[in-house]
Protein chains: 2
Amino acid sequence: MKSNLDLATENDNFPYLEDDPEHYTRLVSSYYTFHLQDSNATVGYILPWVVEKMPWSSAWTIDHKQKRITPRPRYYSLDEQNTVIAETLQEARARGIFKVLKGWRDELYPIYGSAAQISLERAGAALFGIVTFGVHMTVYVKTTEGMKIWVPRRARNKQTYGGMLDNSVAGGISTGEKPLDSLVREAAEEASLPEDLVRKDAKACGLVTYFYIQDERAGGETDLLQPECQYVYDLEVEEGVVLKPGDNEVENFSLWSVAEAQKALAEGQFKPNCAAVLLDFFVRHGILTAENERDYIEIIARLHRKLPFPMA
Amino acid sequence: MKSNLDLATENDNFPYLEDDPEHYTRLVSSYYTFHLQDSNATVGYILPWVVEKMPWSSAWTIDHKQKRITPRPRYYSLDEQNTVIAETLQEARARGIFKVLKGWRDELYPIYGSAAQISLERAGAALFGIVTFGVHMTVYVKTTEGMKIWVPRRARNKQTYGGMLDNSVAGGISTGEKPLDSLVREAAEEASLPEDLVRKDAKACGLVTYFYIQDERAGGETDLLQPECQYVYDLEVEEGVVLKPGDNEVENFSLWSVAEAQKALAEGQFKPNCAAVLLDFFVRHGILTAENERDYIEIIARLHRKLPFPMA
């Protein structure tokens, strides 16, 4: 059985400098840093074996001494960095180099930290180790038997985390999309929730941020880096509202008591970042407290990690 | 007028390593680190001029080369470190060395990071730069005109932040006290709220953590370091419930709309950490969102700083 701290730590499993400065420094200095043209900021970490396998064209500067990777200015303008990145990932996909690119989505994720609007294909985000953004909403009902939470099970055949439990509504924010618009879209697609209900009653409740090192459940190479920022929402609904799959991403929805959700958490049934969002929900709703959770402070810290990359 | 980011940054005004590594490193390496006997952990930062003025007895090891300060084992047992610390602060108080000690409270604050139960006088916490813990509760009413918030004004003659606005209930957690018990005590003392109401309806909602460098409003020396962790609570009350001062710490209570509270925030009328707690309340209640606050991510990060000291 996993403790709540186990769950928070499995999701925020990138080491902390202060816990072991030597290990941390050795690890981070083993990565190549990914930079955009007009800024010195590190916008992602790339693993050495990814650097080795990626089909970099002459449009890139690969500095093996400084371990820096940047689109080359003389080949492309600021905005055209998008083309450099896209062509490289398309080439890698065509050659079948990385398993993660089998999950190609034709969906762009933004990269912050440059004056230009730069994006890359969602399936390639973890190869470049950039911060990705998403929306996660917990839909709940207040019943005479206490609070109940709508919990979906991911389709068994989904490439990533197949068959695991999820948050009521969750998805990634594409380039140019606002968090609330992304939420409305996902709520309709995945849970058949009407747009007007979500726009009227979904309550923004902050952020959950963490730095995740992928394991085999992510459905691709292991050890890829996934720093993430989730916009979290709550939606209280009436007893009559029923969530049902709107596409084939979700197998089914169950309406569970807090105790049932906590049992499934302890059994490790939730996708790691969904466990984190549910813990944040329990903290905000006074279900986890300083009195009943001895790791309260450490858990909350791991739900709000400061990420070492630009966020805006 | 102050932006919400200004308010979050004024409260969390200790620099961040990643913003300017050179400045940060120079600053932190100028401090003496405070250690307890049985642990290598740094439990506080002490400013050089505090080290110079403090009447250290022979019961201390003052290592000017390593800039380390530790109670000396051969003089006292683990638990007796309390005596060493208390005698030193009493001596400093008797000699009138530090202005902050004029606010002596006869109230002990815990120091974490040792196997022993170590505490020090509340008024001396910022001299040793240790993490202090508190409870802050926002009491609100849902009215036909929207949400209203109970806002107290601190007594004008209060030594610290006299005349500034505060959270509905707020106070420090003493050694041995549980957060909820501290909240119940403060709610009765400062806001005349009955214990049974608070125990039944106050909802724990997480933590706000920040690292504050004191200015003159703190009523003592400036530049003292105050890393803090606040347990935050919400209490929704009926329209008939009226908060009124229970002691002479509070001048009066007002019931304000969100817009009125936001205006007072922008005018800098709130005590800095109370502004931070109110921003966290606005984030959790969907009043501040990614859509209406362009600094949403940065503000939330500054309300959840990872402090460089043991927290448990």
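Worth saying up front: this structure is predicted, and the values here are computed from it rather than measured. By convention in this document, chain letters (A, B, ...) are assigned in the order of the sequence lines, proteins followed by strands, and residues within each chain are numbered from 1.
- If you measure heavy-atom distances from Leu207(A) to chain B, the contacts under 4.5 Å come from both the backbone and the side chain.
- For the pair Arg305(A) and Tyr16(A), the cation-pi criterion (under 6.0 Å, within 45° of the ring axis) is fulfilled.
- Between the side chain of Ser39(A) and the backbone N or O of Gly113(A), at least one donor-acceptor pair lies under 3.5 Å.
- In terms of heavy-atom pairs under 4.5 Å with chain A, the best-connected choice from Glu18(B), His285(B), Met311(B), Glu298(B) is His285(B).
- A salt bridge does not link Arg68(B) with Asp63(B): none of the charged nitrogens is closer than 4.0 Å to a carboxylate oxygen.
- A salt bridge links Glu177(B) to Arg185(B): at least one charged side-chain nitrogen sits closer than 4.0 Å to a carboxylate oxygen.
- Taking chain A as the reference chain and counting heavy-atom pairs below 4.5 Å, the highest number among Ala202(B), Cys229(B), Ala312(B), Ala290(B) is found for Ala290(B).
- Gln230(A) CD to His136(A) NE2: the interatomic distance, rounded to the nearest 0.5 Å, is 3.5 Å.
- If you measure heavy-atom distances from Phe281(B) to chain A, you find no contacts under 4.5 Å at all.
- Using modelled atom types, one side-chain atom of Glu293(B) and one backbone atom of Asp295(B) make a donor-acceptor pair closer than 3.5 Å.
- Using a 4.5 Å cut-off between heavy atoms, Lys178(B) contacts chain A through both its backbone and its side chain.
- Looking only at heavy-atom pairs under 4.5 Å with chain B, the residue among Ala301(A), Pro308(A), Cys205(A) that has the most is Cys205(A).
- By number of non-hydrogen pairs under 4.5 angstrom with chain B, the leading residue of Leu180(A), Leu288(A), Leu307(A) is Leu180(A).
- Both the backbone and the side chain of Ile297(B) come within less than 4.5 Å of a heavy atom in chain A.
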